[in-house]
There are 2 protein chains.
Amino acid sequence: MEFAEAKNKFIQTWGALGSQWGINKTMAQIHALLMVSSEPLSMEDVMDELRISRGNASMNLRALMDWGIVYKEYKSGERKEFFTAEKDLDELAVKIAKERSKREIKPALKVLKDVSSINPATSLETKHFVEQTKNLYDFVLKADNMIDKVTEIKDNWIGRLVMKIMR
Amino acid sequence: MEFAEAKNKFIQTWGALGSQWGINKTMAQIHALLMVSSEPLSMEDVMDELRISRGNASMNLRALMDWGIVYKEYKSGERKEFFTAEKDLDELAVKIAKERSKREIKPALKVLKDVSSINPATSLETKHFVEQTKNLYDFVLKADNMIDKVTEIKDNWIGRLVMKIMR
DNA sequence: TTAAACTTTCATTTTTTACTGAAACTTTAA
DNA sequence: TTAAAGTTTCAGTAAAAAATGAAAGTTTAA
């Protein structure tokens with residue numbers, strides 16, 4: 001396998017993985033492309049490499065920047081804007097996790113809290129419902145907190161120790 | 001808010017959360033419904049509660065069973081099949097994580113390994129590509145392994161200790 | 001101050017994904 | 001056996017999500 005083929009395969013795979021996890025395919029592909037580019041790319045470059053329209057490129061680059069995992073760069077003497085991806089993978093993971101927590105998990109938690117707060121005295125059915133949703137609330141909250149904790153892991157000795165034990 | 005409204009809200013929210021994470025909405029809704037049902041439900045029950053067709057119910061119940069998070073039950077004297085959800089949330093999380101690892105992450109890892117194995121001697125561009133995809137391979141592998149480790153956490157003292165520290 | 005270079009927006013179209021419903025299939029009780 | 005009760009399959013349809021492209025908007029160098 002030579003370079004062009006490998007690169008393409010990587011971009012396609014990363015795009016597919018994105019879709020499976022609820023991230024728009026093109027967004028994941030642009031990110032993949034920028035990840036493996038040694039130089040910042042212009043919007044034109046992205047359009048050409050992925051064969052996508054200007055609008056699509058613009059919207060997805062914007063989304064990636066909103067997520068904080070792609071940055072705009074300016075080259076002196078050039079009028080165009082260029083883009084690079086966050087390449088530190090720990091940083092990348094933390095940003096994605098935080099963003100998804102904020103956008104998706106936190107709102108779901110609020111609903112869980114609300115629905116688990118109804119009066120359980122009415123029926124056996126209701127009792128069971130309240131119990132289950134309470135458990136779920138606790139569980140999701142715990143999982144969500146873990147994201148914050150993982151963020152801090154590198155900053156404390158026990159975290160690093162644990163990471164070693166976990167290999 | 002009374003029971004019926006809360007239940008519906010819960011099912012809708014769980015369905016939406018599912019979609020955002022790449023799990024078909026109806027599948028997530030059925031799972032939500034079964035989670036908060038104190039009794040096993042028949043396919044008819046599911047169809048009626050969620051207003052979905054027989055085919056849809058059948059296919060998604062099957063998918064949930066393939067994932068190992070919904071079980072078939074038989075009531076004595078009844079010909080119909082009934083369904084219950086895995087209600088132990090730790091167990092649920094482990095099963096989902098393992099399944100997604102198997103279906104999505106493992107195949108992606110294979111690709112990452114392949115594409116990062118091309119000969120990097122050709123150009124600077126290629127060198128950078130190989131380096132980045134190698135890093136990504138290591139990172140994803142580490143993350144994937146963590147799933148296995150988390151599975152075992154409850155079985156060893158240091159795991160439990162860590163969980164406590166993490167709250 | 002303006003026009004060329006570039007970016008964003010969004011109504012429309014395309015693609016992808018999910019759902020329906022009826023026919024085929026399976027199981028079981030009589 | 002067989003027919004009633006129940007389940008699965010899948011071709012066709014509907015709904016949802018993403019992409020296009022042209023017009024509107026913005027920036028900048030002269």
Side-chain angles (χ1 to χ4, degrees), chain A residues 11-34 40-67 70-84 100 103-104, chain B residues 11-34 40-67 70-84 100 103-104:
Chain A
I11 291 171
Q12 297 310 321
T13 303
W14 207 241
L17 196 63
S19 310
Q20 287 168 325
W21 288 79
I23 288 152
N24 157 328
K25 188 183 66 172
T26 304
M27 190 169 154
Q29 286 183 340
I30 294 178
H31 182 254
L33 173 61
L34 295 176
L41 301 185
S42 71
M43 205 155 95
E44 298 271 342
D45 294 336
V46 171
M47 287 165 57
D48 292 351
E49 288 251 20
L50 303 180
R51 281 101 170 289
I52 58 174
S53 70
R54 197 169 283 288
N56 199 6
S58 172
M59 290 202 300
N60 281 296
L61 280 166
R62 136 89 38 180
L64 285 162
M65 290 192 302
D66 289 347
W67 278 56
V70 160
Y71 312 110
K72 236 181 220 178
E73 294 205 352
Y74 297 95
K75 286 191 188 173
S76 53
E78 289 259 27
R79 181 127 158 218
K80 272 204 274 279
E81 301 172 333
F82 291 81
F83 301 89
T84 20
R100 299 203 75 158
R103 295 182 191 208
E104 295 152 15
Chain B
I11 291 172
Q12 297 310 321
T13 304
W14 207 239
L17 195 64
S19 311
Q20 287 168 325
W21 288 79
I23 288 154
N24 157 327
K25 189 185 66 173
T26 304
M27 190 169 152
Q29 286 182 341
I30 294 178
H31 183 254
L33 173 61
L34 294 175
L41 300 185
S42 70
M43 205 155 95
E44 299 271 342
D45 294 336
V46 172
M47 287 164 57
D48 292 351
E49 289 251 19
L50 303 180
R51 280 99 171 291
I52 58 175
S53 71
R54 198 168 282 289
N56 199 6
S58 173
M59 290 200 300
N60 281 298
L61 280 166
R62 137 91 37 183
L64 285 162
M65 290 192 301
D66 289 348
W67 279 56
V70 160
Y71 312 111
K72 235 181 222 179
E73 293 204 354
Y74 297 96
K75 285 191 189 173
S76 53
E78 289 260 26
R79 183 128 158 216
K80 272 205 274 279
E81 300 173 333
F82 291 82
F83 301 90
T84 20
R100 299 202 76 157
R103 295 182 191 208
E104 296 152 14

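Convention: sequence-line order gives letters A, B, ...; per-chain numbering from 1. Hydrogens, waters and symmetry mates play no part in the numbers below; they use all other heavy atoms, side chains included.
Atoms CG and OG, from B:L61 and B:S42 in turn, are 10.0 Å apart once rounded to the nearest 0.5 Å. Note: B:K75 NZ to B:K80 NZ = 9.5 Å, rounded to the nearest 0.5 Å.
Counting only heavy atoms from C-beta outward, the side chains of B:Y74 and B:F82 never approach each other to under 4.5 Å. In this structure, the side chains of A:E81 and A:M43 stay at 4.5 Å or more apart for every pair of heavy atoms. Proximity of A:W21 to B:E104: side-chain heavy atoms (C-beta onward) are separated by under 4.5 Å at one or more points. When side chains are defined from C-beta on, A:Q20 counts as touching A:L17, because their heavy atoms get closer than 4.5 Å. Counting heavy atoms from C-beta outward, A:T26 and A:I30 have side chains that approach closer than 4.5 Å. B:N60 has its side chain out of reach of B:V46: every pair of non-hydrogen atoms, C-beta onward, lies at least 4.5 Å apart.
Note: CG (B:D45) to P (D:dT7) measures 11 Å, nearest angstrom. Nucleotide C:dT8 holds its P atom 6 Å from the CE atom of A:M43, rounded to whole Å.
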The test is side chain to side chain contact (heavy atoms under 4.5 Å, CB included); show your working for A:R100 and A:I23 and say whether it passes. CA-CA 10 Å; A:R100 299 203 75 158; A:I23 288 152; 3.7 Å; yes
Using side chain to side chain contact (heavy atoms under 4.5 Å, CB included), reason through A:K72 and A:F83 one step at a time and then give a plain yes or no. CA-CA 5 Å; A:K72 236 181 220 178; A:F83 301 89; 3.8 Å; yes
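Listed by residue number, A:N24, A:T26 are the residues of residues 12-29 of chain A with a heavy-atom contact under 4.0 Å to DNA chain D. Listed by residue number, the members of residues 50-65 of chain B with any heavy atom below 4.0 angstrom from DNA chain D are B:R54, B:G55, B:S58, B:M59, B:R62. Contacts between residues 74-83 of chain A and DNA chain C, counted as heavy-atom distances below 4.0 Å, involve A:R79, A:K80, A:E81.
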